[in-house]
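If you read the sequence from its start, that first residue is 1, and numbering goes on from there.
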Amino acid sequence: EQATGEQAAKHALYVSENPREMTDVETTGRFKRRVGTHGWILLDWPHELSPELKTKIDEMCSRNAATIKEKGGRDRLFSSHVVFLHNSEMQKNAAPPNEGDELRFKLYTDNQGVGATEIEITEQAKRQRWPRFAHRGRW
């Protein structure tokens with residue numbers, strides 16, 4: 001609980017240092033990846049966004065892909081249209097999404113790129129839980 005409070009305080013500081021410009025765009029996407037308290041959402045309909053938003057998303061993804069390549073890594077996540085998600089942006093203190101969950105959210109822009117706010121999980125991904133060693137016939 002204390003860690004959650006510290007993370008929320010860090011996020012509030014980040015928001016105050018990076019002024020946001022809220023858009024009136026409400027869209028949908030699937031949660032792709034979590035990295036600690038934040039993650040990335042793959043947009044369902046990136047072609048329906050304004051040219052300014054598309055440009056901002058492309059710049060952010062290019063920057064992130066270049067950083068990963070610089071460090072010697074390989075990651076195809078940023079070759080698609082993804083937007084930033086922070087756990088504290090979830091609606092009604094909902095639990096953070098899991099990979100594959102369908103989300104509805106509004107977009108904002110800041111000096112880092114494009115992010116999602118007022119995030120709502122519309123459908124949770126179906127997950128199969130395989131018993132350990134099931135592929136070996138050990139149940």
Salt bridge (Lys or Arg N to Asp or Glu O under 4.0 Å) against Arg33, all qualifying residues, sequence neighbours excluded =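 Counting only residues at least two positions away or on another chain, Arg33 forms a salt bridge (Lys or Arg N to Asp or Glu O under 4.0 Å) with Asp75.
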
Parallel, tilted or perpendicular: ring planes of Trp45 versus His47, cut at 30 and 60 degrees =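 Trp45 and His47: perpendicular rings.
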
Supply the atom-to-atom distance [X] [atom1] to [Y] [atom2], rounded to the nearest 0.5 angstrom.
{"X": "Gln124", "Y": "Asn98", "atom1": "CD", "atom2": "CG", "value": "7.0 Å"}
{"X": "Thr109", "Y": "Phe84", "atom1": "OG1", "atom2": "CZ", "value": "14.0 Å"}
{"X": "Glu120", "Y": "Glu89", "atom1": "CD", "atom2": "CD", "value": "14.5 Å"}
{"X": "Trp40", "Y": "Met60", "atom1": "CH2", "atom2": "CE", "value": "5.0 Å"}

Under 3.5 Å, side chain of [X] to main-chain N/O of [Y], donor-acceptor pair present?
{"X": "Arg30", "Y": "Gly100", "answer": "yes"}
{"X": "Lys106", "Y": "Thr23", "answer": "no"}
{"X": "Asn64", "Y": "Thr67", "answer": "no"}
{"X": "Asp101", "Y": "Ala125", "answer": "yes"}

Verdict with supporting geometry, Leu77 and Lys32, side-chain contact (heavy atoms from CB on, under 4.5 Å) = CA-CA 8 Å; Leu77 175 68; Lys32 281 303 271 185; 3.9 Å; yes

Lys/Arg N to Asp/Glu carboxylate O, Lys126 vs Glu102, below 4.0 Å =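 Glu102 and Lys126: not salt-bridged.
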
Verdict with reasoning, Thr27 to Arg104, per side-chain contact (heavy atoms from CB on, under 4.5 Å) = CA-CA 6 Å; Thr27 189; Arg104 180 180 305 127; over 6 Å; no

Just wondering, are more than 12 heavy atoms of other shown residues or ligands nearer than 6.0 Å to CD in Glu26?
->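 Counting other residues, nucleotides and ligands, CD of Glu26 exceeds 12 neighbours.
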
Heavy-atom count around Glu99 CD within 6.0 Å, excluding the residue itself: above 12?
->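 No, CD of Glu99 has 12 or fewer neighbouring heavy atoms, counting only those of other groups under 6.0 Å.
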
Where do Phe78 and Arg76 land on the side-chain contact (heavy atoms from CB on, under 4.5 Å) test, with the steps shown first?
-> CA-CA 5 Å; Phe78 297 107; Arg76 294 179 21 179; over 6 Å; no

Taking only residues two or more places apart in sequence, or in another chain, which ones meet Ser80 in a side chain to side chain contact (heavy atoms under 4.5 Å, CB included)?
->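 Applying side chain to side chain contact (heavy atoms under 4.5 Å, CB included) to Ser80 gives Leu42, Val82.
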
How about Thr28 and Asp44: does a side-chain donor come under 3.5 Å of a side-chain acceptor?
->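 Yes, side-chain donor-acceptor contact under 3.5 Å.
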
Given a cutoff of under 4.5 Å between side-chain heavy atoms of I, L, V, M, F, W and Y, with clusters grown through shared members, what are the other residues clustered with Val114?
->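 The other cluster members (ILVMFWY side chains, heavy atoms under 4.5 Å, direct or chained) are Val25, Phe31, Ile41, Leu43, Leu49, Leu53, Ile57, Val83, Leu85, Met90, Leu103, Phe105, Leu107, Ile119, Ile121.
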
